[in-house]
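Lettering follows sequence order; numbering is per chain, from 1.
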Amino acid sequence: MSDTKTIEGVTDAINREAVQARTAGEPAWLASRRMHAWEVYEDTPMPTTRLEEWRYTDLTEKLLLDSLHLGSVEARPDDPSTFPAGLRQAMDEDREASGHLVLIDGAVVHTDIREDLSGKGVILCSLREAVEKHPELVETHLATAAVPPEEGKFQALNAALWTDGVFFYVPRGVRLDLPVRVTRWISESGAAFFSRTLIVAEPTSQVSYVDEILSDDLAAQTLTSSAVEVITQDGAQVQYVAVQRMGRNAFYLSQQRTLAYRDSTLDTLNVNLGGSVTRVDLNARLMGPGANSDMLGLYFGDADQHFDHNTSQDHVAGHANSDLLYKGALDEGSRAVFRGVIRVHEGAQQTDAYQTNRNLLLSDEARADSLPNLEIAADDVKCSHGATVGQLDEESLFYLMSRGLPQAKAERLVVLGFLGEVLSRLPLGGVQEKVTRAIEEKLASHG
Amino acid sequence: MSGTPILKIRNLQAKVADEDLQILNGLDLELNSGEIHAIMGPNGSGKSTLAKVLMGHPGYEVTAGSVDFNGEEVLEMEPDERSQAGMFLAFQYPVEIPGVSIANFLRTAVQAHQGEEELDLFEFQDLLMEKMALLEMDPAFAERPVNDGFSGGEKKRNEILQMAVLQPSLALMDETDSGLDIDALQVVSNGVNKLREENPDMTVLLITHYQRLLNYIKPDHVHVMVDGKIVQSGGPEVALQLEEEGYKSWREIEAAQAD
């Protein structure tokens, strides 16, 4: 026997040399953070179904790590006429915005921000550019308190291998009346992409941010790893919306952490409609008294789509609120897992924390597992959790049909209403319409 | 007063689907267009089952008989086809459809009634507002999700609004009075009467346990239903007689006949 042990998750493409190549020309602090993240990756075993957090998502079966190559990182020209049709269509629907940023295969190809906002110090740029131009801001926040490599195997991998992403910074007191819209398009089949998003909202600022990721159907498994860090400082208000509408064979891995400081509001909405495998880890941390986080989620699956949502509400400080609502509809042989934990830390008194997951099964083959959990280390708190998995109700269908709606139309209306409740909780310009349209298209394709 | 026959029920027999529980035992009934009929009966007599079977509820199985609506066999039709043919059931327990606004729901329903022809949204909006004004309803009501969190009275008013918009030729009203206080009962009854004034040809079948609804909506004919069939038919005086004597005597007659 040789004395070298097999390190789990190291492949011909994903290895130490690849990380070292990424560090070329980077500042020392960033290079050392990458190498540290890689050490953590090597030391962390590949998650198996023996781990509670991965119990229903078997990576040995679902993730073809050995087959993946690293996505090319060359930048493309900022010429919309050369953009794929699906990307152009999504962009066309997003004209009303404070700024736009477009990435194709992990590289930023377009950025614009309203002049009056950049004049006030608002920064929307590629993360690479931010490393050069705003090192003090990036160094303070990137992959430190928000998504540290120690959080897990894939968090570490992303911190080691990220190529680019988005940096969005809103200075103290600046309020944006329209959302910032980021559109990401993936086209290179068989590749692995690693990107990061860092959003920093300074005290009393206000902003909403829509992050949409799209692709056509892909010939082979394609991994998109996205790490998102959102920080709201005292009294700031942020809405973060992620919409995933990728095609077949997309493996979408999104690791998000939100930090809400004193009296801030940090709401999130995760919409997952596409992809073959979707795994979202969302950790919402309530860091100061008066902080509030609404956490909304919506998923709609068909064929053999697999969705795994793993959420945690960490009440680090007392006198803060969090309220989670995730709803999903599952047709054909699709499958969803929801695992949510409310953690009330020691001394976090006067916490209000709620968690609800509801699933609607539209076929006998669809399946949903819901695992809510509470870990409470304080005694003066209000917490509740609830989960349901239900079928389309015969009485509701009869009611709608008795008004003249054919069965298929009645079913569509019930599903739209069921999922629409989530959207109505976060009314954000254009998002409701866009997501509703996407759900309608998916419903219509079922005939 | 009496127009052309609109609904002919012959020897209707029905049971709970998947169970050996017979509820309708050979029911006969005939309604002419423009008439108001009331079916009264004790709990468990099968009144609500009759309403659901007429509308095609999947929870019941028809074992014999026929239902002719304007010359068509209703029992062969899906619930949506019955609605499109002009039937309407005001539910005893209207169903909550979270996330779907009344306006959206009704727009979808009117579109379904219209078939292929694209619904003009402005025309629909005008129709909805006109009917809401007729029923003295706040336009904001139409933006609320269907029956979600509604009071008993609001649910029943919503049924009447749907009836007003869909303009059926036959309205089946299943215990519309249940769970309503006297004020709400008046509001709902006024609504039905206004729709009748608008459309005197609309036929109404009221299903009720109590006589009090009939103080507000005056029936031309009253039928008594016991154990899944009609045991007596007559004018409004039948309802008054029941009010005084109750259903007990009918039970006794049934028992005597069975012996």
Checklist entry - Are A:Asn357 and A:Ser370 close enough that a side-chain donor and a side-chain acceptor fall under 3.5 Å? => result yes
Checklist entry - Is it the side chain or the backbone of B:Phe105 that comes within 4.5 Å of chain A heavy atoms, both, or neither? => result both
Next on the checklist: Evaluate A:Arg335 against A:Asp308 for salt bridge (Lys or Arg N to Asp or Glu O under 4.0 Å), listing each step before the verdict.
Outcome noted: CA-CA 8 Å; A:Arg335 164 121 202 232; A:Asp308 185 341; over 6 Å; no
Item to check | Residue pair A:His309 / A:Asn272, side-chain donor-acceptor N/O under 3.5 Å | outcome: yes
Checklist entry - By number, which residues in residues 160-177 of chain B have some heavy atom less than 4.5 Å away from chain A? => result B:Gln162, B:Leu166
Item to check | Neighbour count >12 (heavy atoms, 6.0 Å) for atom NZ, A:Lys442 | outcome: yes
Item to check | Side chain / backbone / both / neither for B:Val146 at chain A, heavy atoms under 4.5 Å | outcome: side chain
Item to check | Portion of A:Phe418 that has a non-hydrogen atom of chain B nearer than 4.5 angstrom | outcome: backbone
Checklist entry - What part of A:Ser396 is in contact with chain B, defined as an atom under 4.5 angstrom from a non-hydrogen atom: side chain, backbone, both or neither? => result both
Item to check | Any donor-acceptor N or O pair under 3.5 Å, side chains B:Ser48, B:Gln92 | outcome: yes
Checklist entry - With respect to chain B, which residue among A:Glu421, A:Gln407, A:Glu395, A:Lys409 yields the maximal number of heavy-atom pairs within a distance under 4.5 Å? => result A:Glu395
Next on the checklist: Can you classify the ring geometry of A:Phe398 versus B:Phe91 as parallel (below 30°), tilted (30 to 60°) or perpendicular (above 60°)?
Outcome noted: tilted
Checklist entry - Does any donor atom in the side chain of B:Ser83 or A:Arg403 lie under 3.5 Å from an acceptor atom in the other side chain? => result no
Checklist outcome for this item: Contact list (residues 56-77 of chain B to chain A, heavy-atom gap under 4.5 Å, by number) returns B:Gly56, B:His57, B:Pro58, B:Gly59
Next on the checklist: Using modelled atom types and a 3.5 Å cut-off, is there a donor and acceptor pairing between side-chain atoms of A:Gln313 and backbone atoms of A:Tyr354?
Outcome noted: yes
Checklist entry - Got a second to check how far A:Arg367's CZ is from A:His306's NE2, nearest 0.5 Å? => result 10.0 Å
Next on the checklist: Any donor-acceptor pair under 3.5 Å linking the side-chain atoms of B:Asn104 with those of B:Arg107?
Outcome noted: yes
Next on the checklist: Let's test your reading of the structure: which of A:Gly420, A:Gly417, A:Ser424 forms the most heavy-atom pairs below 4.5 Å with chain B?
Outcome noted: A:Gly417
Checklist outcome for this item: CG of B:Asn158 to CZ of B:Phe150, rounded to nearest 0.5 Å, is 5.5 Å
Next on the checklist: With a 6.0 Å cut-off (strictly less than), is the heavy-atom count around CD of B:Glu198, excluding the residue itself, greater than 12?
Outcome noted: yes
